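A quick write-up on the structure given underneath.
The structure displayed is predicted, hence computed values, not measured ones. Both counts, for ligands and for their atoms, begin at 1 and track the order of listing. The chain is numbered in sequence order, starting from 1. Heavy-atom basis, side chains included; hydrogens, waters and symmetry copies ignored.
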Amino acid sequence: ASRFNPRIADARWQKAWDDAQAFRADDLSPKPKSYVLEMFPYPSGRIHMGHVRNYTMGDVLARYRRMTGHEVLHPMGWDAFGMPAENAAMEKKVHPGNWTRANIDTMRTQLKALGFALDWSRELATCEPDYYGQEQALFLDLYEAGLVYRKESAVNWDPVDMTVLANEQVIDGRGWRSGALVERRKLSQWFLKITAFADELLAGLGTLDQWPDKVRLMQENWIGKSQGMQFRFALSDGEAVEVFTTRPDTIFGASFVAVATDHPLAVRLAQDDPALAAFIAECRAGGTTAAEIETAEKKGYDTGLTATHPFDPDWALPVHVANFVLMDYGTGAVFGVPAHDQRDLDFARKYGLPVRRVVSEGDETAADFAGDTAYTGPGTLVNSRFLDGMAVEAAKQAVIGRAEAEGWGKGTTVWRLRDWGVSRQRYWGTPIPFIHCEACGVVPVPKADLPVKLPEDVTFDIPGNPLDRHPTWKHVPCPTCGGTARRETDTLDTFVDSSWYFIRFASQPDDKPFDRAVAEQWLPVGQYIGGVEHAILHLLYARFWTRALNRIGRLAIEEPFASLFTQGMVTHETYRTAAGQWVGPDDVERTDKGATLHDTGEAVTIGRVEKMSKSKKNVIDPAPILDRYGADAVRWFMLSDSPPERDLPWSEAGIEGAWRFIQRVWRLVDGVGAPGTDADATLKRKTHRIIAAVAEDIEALSFNKAVAKLYELTTAIEKAPAGPARDAATRILIRLVAPMAPHLAEEAWAQLGEQGLIAAADWPAVDPAMLVDDEVTIAIQVNGKLRDKLTVAKGTPRETVEALALASENVVRILDGKPPRKVIVVPDRLVNLVA
Ligand code: ANZ
Ligand code: ZN
């Protein structure tokens with residue numbers, strides 16, 4: 001028997017698909033349209049296992065949809081701007097563009113070698129002017145619509161590298177590269193008005209019933225709608241401070257007022273109070289992210305001012321400046337209720353402030369609150385004057401009502417969501433298309449002058465933004481007055497690039513970002529697949545961008561991704577030497593008992609199974625595996641061992657199992673046409689049941705279940721005698737494995753003399769008659785005890801069933817020649833013989 005040889009078959013069929021343009025999506029096709037998309041890769045160098053798994057899943061669905069009569073759009077491109085290219089430029093002295101384009105070439109070749117059914121005619125890279133120039137045009141449209149603005153905003157400034165750092169580049173308050181203490185600086189930066197869509201983005205989540213609940217919840221929390229109340233405290237110096245609270249009901253539990261370190265009140269007081277100024281400076285040295293602020297130890301500075309309780313002119317609360325109050329949330333000022341808020345409690349215990357119970361969950365009503373755990377649950381108001389006895393919700397309304405009636409406060413909603421700061425002081429990104437003129441101010445680049453291209457001749461040998469220090473690029477005349485002006489040297493956050501690429505895939509004209517009618521035919525994306533690490537930012541920004549285009553009348557789509565799937569990671573064991581050094585699987589000899597180093601035989605400790613990562617060295621490069629086993633075995637393994645949403649532990653045994661399966665199918669194909677006279681109705685029934693089941697599993701993205709059913713069918717065919725029934729089942733099996741193992745399927749299809757490509761063939765039709773289960777199993781009992789089972793056609797008459805039961809060998813032995821006293825037959829279920 002021959003073997004399936006991927007070394008020959010893979011390239012042959014990849015070329016055949018290319019020649020036939022088999023996966024080109026036709027905008028004008030009358031077929032139902034299906035848009036299958038996986039999150040496009042960052043061209044980091046080479047394809048990794050995570051990519052292979054992600055793209056294999058999408059590919060199976062895309063190929064299946066094509067076989068079931070859809071016009072499928074399954075595109076691929078490159079999220080090609082970003083920091084790693086600039087790092088490579090600094091470290092390896094290669095131009096970011098050259099580095100990126102070389103990586104794209106390598107990775108494209110790798111994706112093609114995996115046989116993905118992609119429409120390469122729509123390939124795009126966000127770093128090319130034909131893409132980012134259209135992005136600049138959209139940015140200008142949003143600017144005209146008032147959805148883009150500039151404002152002063154704090155950035156992380158690395159004083160040694162003289163550059164702005166992203167939050168991820170600040171590690172323990174220091175620049176990741178220089179190690180210098182990061183400072184907070186104010187810069188004028190560009191923002192997108194995502195907050196104008198907060199309501200819609202929140203409400204829209206309710207329509208996304210084909211998104212994982214956890215992703216919707218994460219987005220909901222990120223948007224963070226809080227209902228509460230805003231009101232003024234009068235201060236002892238005659239001024240006032242406005243606070244925001246979600247718990248107006250707890251007002252009689254207040255024991256202090258606190259403002260953020262950059263609150264105007266704090267800034268004003270610090271002018272005459274060096275100790276306060278020092279405290280503020282000390283707080284600023286810490287991290288700037290919300291997470292860092294939240295986990296830092298609570299610290300405060302008593303200003304000596306007091307605030308008057310809104311319900312009691314004689315009640316004075318101390319006013320602190322505190323590090324746990326954020327300036328850009330609510331009003332940047334709060335009142336603290338230690339008994340019912342953990343941060344406030346930590347703070348109060350540290351500074352010896354009163355802790356007064358005002359909500360009681362049961363009998364405990366004493367005003368003095370003990371312990372170090374705040375009570376934040378529901379309950380009844382106590383120690384709260386006119387609120388006593390009310391439930392929390394009623395008390396909230398009562399306080400808001402009084403404040404509004406008396407005019408010192410009002411009910412409000414605040415959002416955690418902030419406007420999206422898109423300015424990056426970097427080279428390798430989309431230039432922001434504006435010009436600064438001393439006379440005219442900020443002037444948009446006229447659309448006719450787009451794209452604003454990046455200059456090629458840049459240097460990375462000194463820190464800072466290469467665009468800023470380029471000798472000529474930024475010097476341009478003002479488009480309005482013709483006077484001397486300079487270009488904006490900030491570039492766009494790369495999340496902007498990925499906020500609309502799926503629209504550009506759907507329609508890619510030369511002269512505009514997209515053609516509306518064409519894009520609307522494909523959108524929304526029917527199935528989007530990617531990593532859960534993008535659950536918040538990328539998905540939220542893409543949802544925002546789509547809604548923004550909708551609002552300015554450019555696209556009648558509200559939600560870009562109708563269905564979302566987040567796949568699990570590919571994992572591997574980790575290994576460490578006695579010295580604590582991570583070592584990779586290639587250097588390790590693994591036995592049942594343990595693991596040793598290849599070279600020296602030194603024992604290594606086997607660590608946890610974790611996501612493949614360079615830092616832990618537990619990475620398996622797909623390239624040599626692909627060379628050795630071929631694309632189909634790799635694809636098969638990616639689908640087979642774990643549910644797609646779970647982690648997939650890489651294993652040598654797994655890929656070998658996949659390889660053996662490919663060969664088993666090939667042996668069946670080889671055996672087609674062997675003489676025989678079977679007429680096996682059971683096999684036919686099983687085949688049709690499995691066609692239906694595999695279809696259902698693929699639609700549900702339960703690829704591992706589909707694979708299990710294909711194993712079952714393969715085994716059944718192997719066991720069946722040679723003949724036409726077995727051949728027919730094999731021909732069907734080939735079509736069922738085609739989405740997963742397309743090279744094997746094409747090779748088999750050709751060998752079996754079928755016409756055309758299997759990629760363009762139809763999914764096998766299910767004969768509904770074959771799905772009806774028309775055999776039943778009947779239990780045979782003697783005196784109520786199970787003695788045998790019979791398989792008969794459904795509806796077999798009583799007499800026949802009785803006769804068959806009496807003929808059972810076991811029954812004959814037990815009855816020992818005597819006729820039964822009584823025979824009870826429950827049709828299609830059971831026969832009970834009473835001896
Ligand atoms: C009094 C109070 C009593 C509060 C109580 C909570 C519990 P969410 O749900 O996240 O919106 N807060 C308001 N502005 C803040 C800021 N800029 N920085 C830090 N904390 C701030 O939280 C709203 C609550 O967080 C507000 O309600 C306020 O404390 C605090 F038993 O007011 B609360
Ligand atoms: Zn001007």
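- Of the heavy atoms in F324, only backbone atoms (N, CA, C, O) come closer than 4.0 Å to ligand 1.
- The protein heavy atom nearest to atom 27 (O) of ligand 1 is T246 N, 3.0 Å.
- Ring centroid separation for the pair F139 and Y143 does not come in under the 6.0 Å cut-off.
- Of all atoms in ligand 1, numbered sequentially from 1 with element shown, those under 4.0 Å from a heavy atom of T245 are 1 (C), 2 (C), 26 (C), 27 (O), 32 (O), 33 (B).
- Counting protein heavy atoms only, atom 30 (C) of ligand 1 is closest to R343 NH2, 3.5 Å.
- Heavy atoms from both the backbone and the side chain of V325 come within less than 4.0 Å of ligand 1.
- Nearest to atom 3 (C) of ligand 1 among the protein's heavy atoms is T250 OG1, 3.2 Å.
- With hydrogens left out, the protein atom closest to atom 6 (C) of ligand 1 is D341 OD2, 3.4 Å, a heavy atom.
- Scanning the protein heavy atoms around atom 18 (N) of ligand 1, the nearest turns out to be L326 N, 2.9 Å.
- Closest to atom 21 (C) of ligand 1 among all protein heavy atoms lies V334 CG1, 3.3 Å.
- Under a 4.0 Å criterion applied to the non-hydrogen atoms of S226, ligand 1 contributes the atoms 8 (P), 9 (O), 11 (O).
- A parallel orientation is assigned to the rings of Y541 and W420, their planes being inclined by less than 30° (bins at 30° and 60°).
- The ligand atoms of ligand 1 that sit less than 4.0 angstrom from a heavy atom of H340 are 5 (C), 7 (C), 31 (F).
- With respect to atom 28 (C) of ligand 1, the closest heavy atom belonging to the protein is F244 O, 3.8 Å.
- By the 30° and 60° cut-offs, the orientation of the rings of F335 relative to F231 is tilted.
- The N/O atoms of Y329, backbone and side chain alike, include one that comes under 3.5 Å of an N/O atom in ligand 1.
- Residues T491 and R424 bring no donor and acceptor atom of their side chains to less than 3.5 Å of each other.
- Heavy atoms from other residues, nucleotides or ligands lying under 6.0 Å from CG of D368 number 12 at most.
- The SG atom of C478, the Zn ion (ligand 2) and the SG atom of C440 define an angle of 110° (nearest 10 degrees).
- Note that CH2 of W315 is 8.5 Å distant from OG of S255, once rounded to the nearest 0.5 Å.
- Angle SG (C437) to the Zn ion (ligand 2) to SG (C481): 110°, rounded to 10°.
- Using a 4.0 Å cut-off between charged side-chain N and carboxylate O, E488 and R150 make a salt bridge.
- The N/O atoms of V337, backbone and side chain alike, include none that comes under 3.5 Å of an N/O atom in ligand 1.
- A salt bridge is defined here as a Lys NZ or Arg NE, NH1 or NH2 lying under 4.0 Å from an Asp or Glu carboxylate O, and D312 with R385 meets this definition.
- Under 4.0 Å is where a charged nitrogen must lie from a carboxylate oxygen, and between R543 and E200 no such pair does.
- Ion pairing between R268 and D237 holds under the 4.0 Å rule for side-chain N and carboxylate O.
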